Asker: 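Provided herewith is a single structure, encoded as structure tokens, for subsequent inquiry.
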Amino acid sequence: MHGTATITPSTALRTIPRDQHTISRKDISPNALRVLYRLRDAGFQAYLVGGAVRDLLVGGHPKDFDVATDATPEQVRQQFRNCRLIGRRFRLAHVVFGREIIEVATFRANVDDGSGDREMDNGRLVRDNVYGTVEDDAVRRDFTANALYYAIDDFSVRDYVGGFEDTMARRLKLIGDPEQRYREDPVRMLRAVRLAAKLNFEIDADTAAPIAPLAPLLAEAAPARLFEEILKLFLSGHSVASFEGLERFGLLKVLFPETAAALASNRSGALRRMVLAGLAGTDQRVANDEPVSPAFLFALLLWPAYCRALMGLQAQGVHAEEAQRRAADRVTLHQLNTVALPRRFSLPMQEIWLLQTRFGNRQRKRVMRLLSHPRFRAAFDFLVLRLAASPEHAEDVAFWREAQTQSGEELAVALGVAPAADAIIDEDAPPSKRRRRRRRRSTAASPE
Ligand code: ATP
Ligand code: MG
């Protein structure tokens with residue numbers, strides 16, 4: 001264990017009384033209020049804290065409500081029947097109300113008290129479970145805007161770090177020494193970009209300055225955590241702003257090195273246009289409450305890398321189909337070095353890529369087969385995005401858009417084939433399947 005000296009920012013409590021801020025109890029989840037009142041009635045301190053307070057102050061609608069208290073997790077559990085304790089690194093209480101979970105955390109300190117409950121590894125935080133006061137709890141948080149406490153006993157906002165003023169000015173500012181805070185936890189760099197994009201906040205100059213030079217530290221963050229953070233960056237309705245922020249602060253090339261390289265070498269800017277068009281579409285879907293999928297998102301974010309890998313392989317003379325498969329595998333494998341993309345997303349991602357070349361084929365059977373492919377819709381939506389980068393896909397988009405609306409017979413006519421009686425039935429019938437399988441086996445057996 002390294003005894004790293006922690007610079008503790010000086011704290012002076014500022015209390016913003018209920019008539020000087022805009023947080024109203026009617027905007028707080030009734031279940032969170034229930035938890036707050038119950039803890040208070042049991043003689044504990046209880047505050048609404050973190051993102052919810054921040055969001056409410058700027059007129060947003062928090063997606064979850066977190067509570068901070070001086071009660072220990074065990075004491076919290078004694079207050080609620082519907083409570084379970086979770087986490088090893090951070091022991092937390094979850095109070096469960098149907099689908100809503102109110103997370104209740106005991107005040108924690110960011111100090112090394114020598115007990116071994118907080119460990120530093122090269123300046124990085126690996127475990128911290130030291131309970132502290134509300135002031136301690138405030139200064140160990142990341143941004144001042146995230147360190148505000150809404151008190152249930154007088155409905156005031158308690159501010160120990162200047163977060164109220166920063167929030168009102170829409171300013172994102174790290175608590176303490178920015179460089180030290182990023183070194184402790186490099187994911188804070190992503191959080192800065194994400195929260196600025198989400199809230200339309202400006203990142204304060206001192207908080208922004210170390211990001212580009214420290215960006216490489218992010219490569220050492222846990223890949224699973226980066227995956228989660230990427231989903232939050234890109235699937236919460238502000239992906240265009242997130243992407244631009246990542247580019248501006250040199251974080252894109254750490255998270256997606258091959259995509260960043262491909263974008264840099266694509267002089268026409270067509271690939272970047274396509275990515276941005278795709279992200280704008282994603283934001284639109286989120287705004288409309290339509291579902292968005294990680295597989296499609298990663299297909300989009302890694303498409304420039306895939307295209308580049310594919311071109312490289314084809315330049316080496318690798319046969320088209322083989323090159324596609326190898327490019328898809330290589331890009332996926334390399335990306336796993338930084339971001340843990342689970343297979344249930346990487347497989348459909350690759351399918352979206354590999355289906356792209358099949359849109360050019362107008363053979364009747366091929367058309368029918370592609371239309372009934374489980375990934376057809378996603379692959380087609382992806383083709384539409386490629387149109388944003390290059391007009392050469394216009395004809396394919398028009399054909400397949402039409403094809404989806406047609407019956408099998410209409411399609412056959414459109415394809416210039418007489419609708420033979422067996423034509424459509426034959427498609428799913430066992431004999432055709434057997435033929436297909438036999439074909440594939442013979443390809444595999446042939447020497448490359
Ligand atoms: P969101 O609106 O996306 O949920 P959030 O600020 O609520 O944003 P959470 O990940 O839910 O983000 O974290 C809740 C709170 O925990 C934050 O507001 C912040 O006070 C604290 N926190 C989260 N991550 C860190 C971190 N890496 N370092 C320090 N404090 C953190
Ligand atoms: Mg939150």
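Just so you know, ligand 1 is whichever comes first in the structure, and atom 1 is the first atom listed for that ligand. Just so it is clear, the structure is predicted and the values come from calculations on it, not from any experiment.
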Asker: Using 30° and 60° as the class limits, which term best fits the ring planes of F234 and F256: parallel, tilted or perpendicular?
Answerer: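 The rings of F234 and F256 stand perpendicular, inter-plane angle above 60°.
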Asker: Kindly confirm or rule out a cation-pi arrangement of R191 over F143, judged by NZ or CZ under 6.0 Å from the six-membered ring centre and within 45° of its axis?
Answerer: no
Asker: Please verify the inter-ring angle class for Y160 with Y149; under 30° counts as parallel, over 60° as perpendicular, anything in between as tilted.
Answerer: perpendicular
Asker: Name the residues in contact with ligand 1, where contact means a heavy atom under 4.0 Å away: which are they?
Answerer: G50, G51, R54, K63, D66, R140, R141, D142, N146, D185, R188, R191, R194, L195, K198, R225, K232
Asker: Which of parallel (below 30°), tilted (30 to 60°) and perpendicular (above 60°) describes H21 and Y150?
Answerer: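 Perpendicular: the ring planes of H21 and Y150 meet at over 60°.
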Asker: So R171 and E202, salt bridge (charged side-chain N to carboxylate O under 4.0 Å, His left out) or not? Walk me through it.
Answerer: CA-CA 5 Å; R171 189 162 55 215; E202 188 84 43; over 6 Å; no
Asker: For the residue pair F382 and F296, does the interplanar ring angle fall in the parallel (under 30°), tilted (30 to 60°) or perpendicular (over 60°) class?
Answerer: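 Ring orientation of F382 relative to F296: perpendicular.
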